[in-house]
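Remarks on the structure that follows.
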Amino acid sequence: MGEGLMIYLATSVAKLAFTQLDPLLAAWYRIGFGAVLMMIWRRPFSKVKRAGLPHTSRDWWIVALAGISVMLMNTLFYLGMSNMDIGIAVSIEFIGPLGVAVLTGHSWRERLGIILAAGGVVLLAGVSFANPAKYPHFMIGLIAILIDGVMWGCYIVFGRMVAQRSNPLDSLALSMFIGWLIQSVFLAVPAVKGVISPKPGATWARSEFGSLKLLGVMFFVSVFASFVPYIIDQVIMRRISSARYSVIQAINPVMALLVGLIIGEIPTAGDLAGVALVIIAVVVTFSGHRQPDPETM
């Protein structure tokens, strides 16, 4: 709950900053600051830690895929969130973890869970499409969030593999840095330009010291939405199965809705019903799991 509150308060700050910096560019700073902080803290290439680096191509692929999953998950979440309420975005992205459960599970829970979740997503989408004035580009956001959900499922799988290594935080630092380097190929130049010369619609970012203020905001967002939460995730993932981890994450839509209220995102009755279906789907799907899933070890 503390992690969820931390993430979505920082996320609400990021969403307010979208008026000053485009969402994709904001995602580059969020991931970048977090990756650099992790590398400075863990120093995985230092002499004393070099022996703990991945040794085989398989190990490197796992570390890299975890980082790519994190990078795409965060980038697409920002794109999706800019076109819908935070609570709705968080609820829809649960399709990813539930999809992993369906592919790896064999009981009625997985099938029922994905049906309930799909119903919740359809309801949330229907409510939003019925009110196009609020988010005219909701379809773009919906596609981004659905792909983001797939990446979240990949992160649960590969992130838990990273967590099982003897030096998980060092491996996490490598993962985040690799993901950021790949992202930088596409977003580094426009992101730097976006801060040095803010877009025409920006207000305070174009004022005196506005660029420094914008960097400070994105540093804050990165620390409390990426750096600290991913460390917490690694601690949790070493102690519980990915199924139990997914059940714990069911609190996130509730936390996101509460934080959304703070910035004026008022859910409708249809929104609340859709979110409730997704939460029920997560609990039904994963609450019956007692042991770690062999496929995600």
Side-chain angles (χ1 to χ4, degrees), residues 7-8 10-40 60-61 63-84 86 89-90 93 96 135 137-155 158-159 172-206 210-230:
I7 290 174
Y8 298 118
T11 299
S12 68
V13 173
K15 185 164 185 174
L16 294 174
F18 289 169
T19 57
Q20 315 298 309
L21 185 67
D22 290 339
L24 293 180
L25 308 185
W28 184 79
Y29 283 102
R30 170 184 172 175
I31 297 168
F33 279 132
V36 171
L37 285 173
M38 284 294 294
M39 291 294 287
I40 293 174
W60 275 110
W61 270 111
V63 169
L65 288 172
I68 293 171
S69 300
V70 167
M71 180 269 291
L72 289 174
M73 178 176 68
N74 286 299
T75 303
L76 291 168
F77 179 73
Y78 270 25
L79 179 60
M81 181 183 64
S82 66
N83 290 289
M84 64 181 71
I86 295 175
V90 174
E93 69 175 347
Y135 290 107
H137 303 295
F138 178 78
M139 178 58 77
I140 295 174
L142 179 61
I143 294 172
I145 286 297
L146 289 174
I147 301 174
D148 158 40
V150 174
M151 291 301 103
W152 189 11
C154 292
Y155 167 64
F158 295 117
L172 176 63
L174 287 173
S175 293
M176 293 178 66
F177 196 68
I178 291 171
W180 183 58
L181 289 179
I182 294 173
Q183 184 193 39
S184 297
V185 174
F186 305 97
L187 295 180
V189 173
V192 173
K193 288 182 178 178
V195 167
I196 294 176
S197 180
K199 61 184 181 180
T203 52
W204 56 266
R206 297 178 68 87
S211 295
L212 291 178
K213 294 176 185 176
L214 191 53
L215 284 176
V217 168
M218 293 317 304
F219 182 79
F220 169 86
V221 169
S222 181
V223 169
F224 293 104
S226 290
F227 181 68
V228 176
Y230 287 131

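Sequential numbering from 1 along the given sequence is applied to the chain's residues.
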Lys199, NZ: over 12 other non-hydrogen atoms inside 6.0 angstrom: yes

Non-hydrogen side-chain atoms of Met176 and Leu172 separated by less than 4.5 Å: yes

For Ala205 against Pro198, the heavy-atom pair lying closest together: O-CG, 3.2 Å

Worked check of side chain to side chain contact (heavy atoms under 4.5 Å, CB included) between Met38 and Phe177: CA-CA 8 Å; Met38 284 294 294; Phe177 196 68; over 6 Å; no

Distance in Å, Leu142 CG paired with Tyr135 OH, rounded so as to fall on 0.5 Å steps: 14.0 Å

Option from Leu25, Thr19, Leu24 for which side chain to side chain contact (heavy atoms under 4.5 Å, CB included) with Leu21 holds: Leu25

Gap between atom CG of Leu215 and atom OG of Ser222 - 0.5 Å precision: 12.0 Å

Interatomic spacing from CZ in Phe219 to CZ in Phe224 - rounded to 0.5 Å: 9.0 Å

Separation between CD1 of Ile147 and CE of Met151, rounded to the nearest 0.5 Å: 8.0 Å

Closest contact, heavy atoms only, Phe18 versus Pro23: CE2-CA, 3.8 Å

Asn83: side-chain hydrogen bond (donor to acceptor under 3.5 Å, both in side chains) partners, not counting sequence neighbours: none

CD on Gln20 to CZ on Arg206, rounded to 0.5 Å: 10.0 Å

Identify each donor-acceptor pair in which a side-chain atom of residues 67-78 lies under 3.5 Å from a protein atom, sequence neighbours left out, and give them as a table.
{"unit_1": "Ser69", "atom_1": "OG", "unit_2": "Leu65", "atom_2": "O", "d": "2.7"}
{"unit_1": "Asn74", "atom_1": "OD1", "unit_2": "Arg30", "atom_2": "NH1", "d": "3.3"}
{"unit_1": "Asn74", "atom_1": "OD1", "unit_2": "Arg30", "atom_2": "NH2", "d": "2.8"}
{"unit_1": "Asn74", "atom_1": "OD1", "unit_2": "Tyr230", "atom_2": "OH", "d": "3.4"}
{"unit_1": "Asn74", "atom_1": "ND2", "unit_2": "Val70", "atom_2": "O", "d": "2.8"}
{"unit_1": "Asn74", "atom_1": "ND2", "unit_2": "Tyr230", "atom_2": "OH", "d": "2.9"}
{"unit_1": "Thr75", "atom_1": "OG1", "unit_2": "Met71", "atom_2": "O", "d": "2.7"}
{"unit_1": "Thr75", "atom_1": "OG1", "unit_2": "Gln183", "atom_2": "NE2", "d": "2.9"}

Which atom of Val63 lies closest to which atom of Ser175, heavy atoms considered: O-OG, 2.7 Å

Heavy atoms from other residues, nucleotides or ligands near CH2 of Trp61 exceed 12 (cutoff 6.0 Å): no

For Tyr29, the option from Val217, Leu214, Val195, Val221 that meets side chain to side chain contact (heavy atoms under 4.5 Å, CB included): Val195

Atom pair CG/CE of Leu174 and Met39 - distance to nearest 0.5 Å: 5.5 Å

Heavy-atom closest contact (Ala191 atom, Trp28 atom, distance): CB-CE3, 3.4 Å

Side chain Ser226, main chain Ile31, donor-acceptor under 3.5 Å: no

